[in-house]
Amino acid sequence: MWSYVTRRILATIPVLGVVAIVVFLLLRLSPGDPAAIIAGDNASLEDIAMIREQLGLDRPLLQQFILWAMQLLGGDLGNSIYLSRPVLGLIVERVEPTVALALTTMVFAMLLAIPMGVLAAWRAGSWVDQTIMALSVLAFSVPVFLIGYGLVIGLSLELEWLPVQGFVSFAEDPMRFASHLVLPTITLGLVYMALLARITRATMLETLNEDFIRTARAKGLAEPRVLLLHALKSAAVPIVTTIGTGLALLIGGVVVTESVFAIPGIGRLTIEAVLQRDYPIIQGVILVIATVYVLVNLAIDLAYPLLDPRIRF
Amino acid sequence: MSATLTAAPPRKPVGLLRRMRRYPLPSFGALMLIALVATALAAPWITTHDPFEMNVVDRLQPPNEEYWFGTDAYGRDLFSRTLHGGRVSLAIGIAVAVASTLIGLLIGVVAGYFRLADAILMRVMDGLMAIPGILLAIALMSLTRASVGVVIVAITIPEIPRVVRLVRAVVLTVREQVYIEAATAIGTRFPRLMLKHILPNTLAPLTVQATYIAASAVLVESYLSFLGVGTPPEVPSWGNIIAEGRLYVQIAFWNILFPSVFLALMVLSINILGDGLRDMLDPRLARRL
């Protein structure tokens, strides 16, 4: 068992290494002089030379990479060009809204999607199934801003039930924190729900055809018990795996949702950085998010035996 | 996803109409897509105004007889702009689907066939997949001056790893088959082996995947433009129209309503078509994808 765990943990190193190389090369391989791009259209030659030196762009590529990688390993993501502050600190400041939105969305989506998927698989082919599947392909196709602005216009502007946009920190006021998260969570949750409902249905369909389900029914267990305790439990691994890999989709959605609702999170930080060509921030955000993604998926992989006792390392 | 998972489609040839009755949802998707493509292609002839013509006197008009979808903050006709936006989305969707499929196919075949390359290529793909697609596209967009071509490249690159994985999986399965061994034994050379015996197996899953990629690309383009890091603002893409319209969402919601609805319908119809293709081409695929 431990050899598997060790191998699985070690396997994340090359993935993170590739992410680091991609992020490093992103700026260096861009067409044109990166220092000139960062400096902008009105920069003088001295400005460009200064930025080049500040980013170490005047040194050989390999030396640049080694220096940069050493810094990274020491937990230093570099400094923002415009704000002249450590990138890590900027990211930490913006992390609360993003994490809050991602978590509430995930919970909301799971609470809706898993019952929907189970129900659809249980009554496969019926109108219930077809309705649920039609709804999920619809939710998967509708752009985040259509749902978002629809909810804002309906619930915030017309009925004035909920705040239009913005974010309030939990520490400041838990109630307003919650009320500001309702609409963004529904908006993004519908997309994520579609993904999870589809995978839940597909896995449940397979599981419901297995012999142990027939046995469970034959010995007279109540249907809810068969569905939830036997079938869903055995279908848990693919569903949880999809939740993990779907994290990439979720984070992409968070970026857009933050923009719709003017939430000052990581997504907004990234967009501001792109508009100002503040590359150290862009690089830092990608590195941090990719690391979180890899670690979450590592944790899920390692949790398989807990979810399904049939799996042993 | 239709409910026909249990029944395999009939193998005998059937007429188009019967086939459409058998698959009502995919047929509906296909018809909707045809209608949307037709309006996009015909946009220069069926629109009522020049999509760029500003008419400041008529700014932010609600939908009326003159301006069917109303006007934007510069008094430009939203009906004309929305139909023209379809051309941009369609072009980007098709270009990204074709480019990522072809590049993914090439890398996937190499990875599936050459052990050494496999180890390296798949690590690179794993690394790319760890970066959320939109984030990678945003980062790529920041590297150079925006244009439709750059948007296509920026959306294509994050889509490639999934195609590579799909192709590699097919190649790995197929190369173990007895008929490949037989073909090798009678001296079939590598290029012929690839073209005649291995690649045809990737066709069905790739077609389905390409459809989903097109749908996703249309959506991602609009997200990038909406965030202000996509297609240059002067191009009337759906994302750009919505990005400009969001400032007036309280007083002129039609600025975002019509382009959003067209966008949703296009993505929806492509996704429905993809689900239908998947069920028709290979019912077993329904479980793998």
Side-chain angles (χ1 to χ4, degrees), chain A residues 14-19 21-23 26-27 30-32 34 37 124-126 129-130 133-134 136-138 140-146 149 152-153 157 198 201-202 205-206 245 247-253 255-256 259-260 270-271 273-275 277 279 282-283 285-286 289-291 293-294, chain B residues 1-6 25 29 119 123-145 158 215 219-220 222-223 226-229 238-239 242-243 245-246 249-250 253 256-257 259-261 263-272 275 286-287 289:
Chain A
V15 176
L16 289 175
V18 167
V19 172
I21 293 173
V22 168
V23 167
L26 209 59
L27 179 56
S30 67
I37 296 176
S126 72
D129 178 28
Q130 288 183 2
M133 284 303 105
S136 77
V137 71
L138 184 69
F140 200 69
S141 306
V142 174
V144 167
F145 31 70
L146 184 57
Y149 285 121
V152 165
I153 291 173
L157 297 175
R198 286 175 71 135
R201 176 184 180 274
L205 270 181
E206 240 167 81
T245 51
L247 198 63
L249 186 81
L250 179 70
I251 294 171
V255 175
V256 185
S259 182
V260 171
T270 315
I271 298 302
V274 168
L275 296 178
R277 306 210 181 270
Y279 285 94
I282 305 174
Q283 293 179 319
V285 168
I286 294 183
I289 286 183
T291 308
Y293 176 85
V294 168
Chain B
M1 197 174 282
S2 85
T4 48
L5 276 175
T6 43
L25 197 60
R123 290 299 81 70
V124 174
M125 294 305 137
D126 287 347
L128 282 178
M129 282 177 88
I131 307 173
I134 292 184
L135 211 54
L136 184 54
I138 291 173
L140 290 168
M141 287 305 299
S142 68
L143 294 179
T144 179
R145 208 169 293 277
L219 209 49
V220 173
S222 78
Y223 286 160
F226 176 77
L227 294 169
V229 295
W238 287 333
I242 294 162
R246 65 187 300 198
V249 66
Q250 293 197 40
F253 63 89
I256 59 168
L257 178 70
S260 297
V261 168
L263 173 63
L265 287 178
M266 181 169 281
V267 178
L268 179 66
S269 60
I270 304 175
N271 273 332
I272 292 178
D275 284 352
R287 298 180 177 197
L289 278 181

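In this text, all values refer to a predicted model and were calculated from it rather than measured experimentally. All chains are named by letter (A, B, ...) in the order of the sequence lines, taking the proteins before the strands, and each is independently numbered beginning at 1.
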B:Leu227, part contacting chain A, at a heavy-atom distance under 4.5 Å
both
So for B:Met129, is it side chain, backbone, both, or neither that comes closer than 4.5 Å to the heavy atoms of chain A?
backbone
Under a 4.5 Å heavy-atom cut-off, does chain B meet the side chain of [X], its backbone, both or neither?
X        : result
A:Val294 : side chain
A:Val256 : both
A:Val152 : neither

Closest non-hydrogen atom pair, [X] against [Y]:
X        : Y        : result
B:Arg123 : A:Val18  : O-CG2, 3.7 Å
A:Ile153 : B:Phe253 : CD1-CB, 3.6 Å
B:Tyr223 : A:Pro143 : OH-CA, 3.5 Å

Rounded distance (nearest 0.5 Å) linking atom [atom1] of [X] with atom [atom2] of [Y]:
X        : Y        : atom1 : atom2 : answer
A:Ile286 : B:Leu136 : CD1   : CG    : 6.0 Å
A:Tyr279 : B:Ser142 : OH    : OG    : 4.0 Å
A:Ile282 : B:Leu135 : CD1   : CG    : 9.0 Å
A:Ile289 : B:Ile131 : CD1   : CD1   : 10.0 Å

Using ring-ring contact (aromatic ring centres under 6.0 Å, His included) as the criterion, list what pairs up with A:Tyr149, not counting sequence neighbours.
none
Sequence-distant partners of A:Ser141, side-chain hydrogen bond (donor to acceptor under 3.5 Å, both in side chains), two or more places apart:
B:Asn271
With the side chain counted from C-beta on, respond yes when A:Val142 and B:Leu268 share a heavy-atom pair under 4.5 Å apart, and no when they do not.
no
Check whether any side-chain heavy atom of B:Pro132 sits under 4.5 Å from a side-chain heavy atom of A:Tyr293, and report yes or no.
no
If you count heavy-atom pairs under 4.5 Å between each of A:Ser136, A:Gly253, A:Ala248 and chain B, which one has the most?
A:Ala248
Can you tell me which of A:Val285, A:Leu146, A:Leu247, A:Leu250 forms the most heavy-atom pairs within a distance under 4.5 Å of chain B?
A:Leu146
Given the options B:Ser222, B:Gly228, B:Gly133, B:Ala215, which has more heavy-atom pairs under 4.5 Å with chain A than any of the others?
B:Ser222
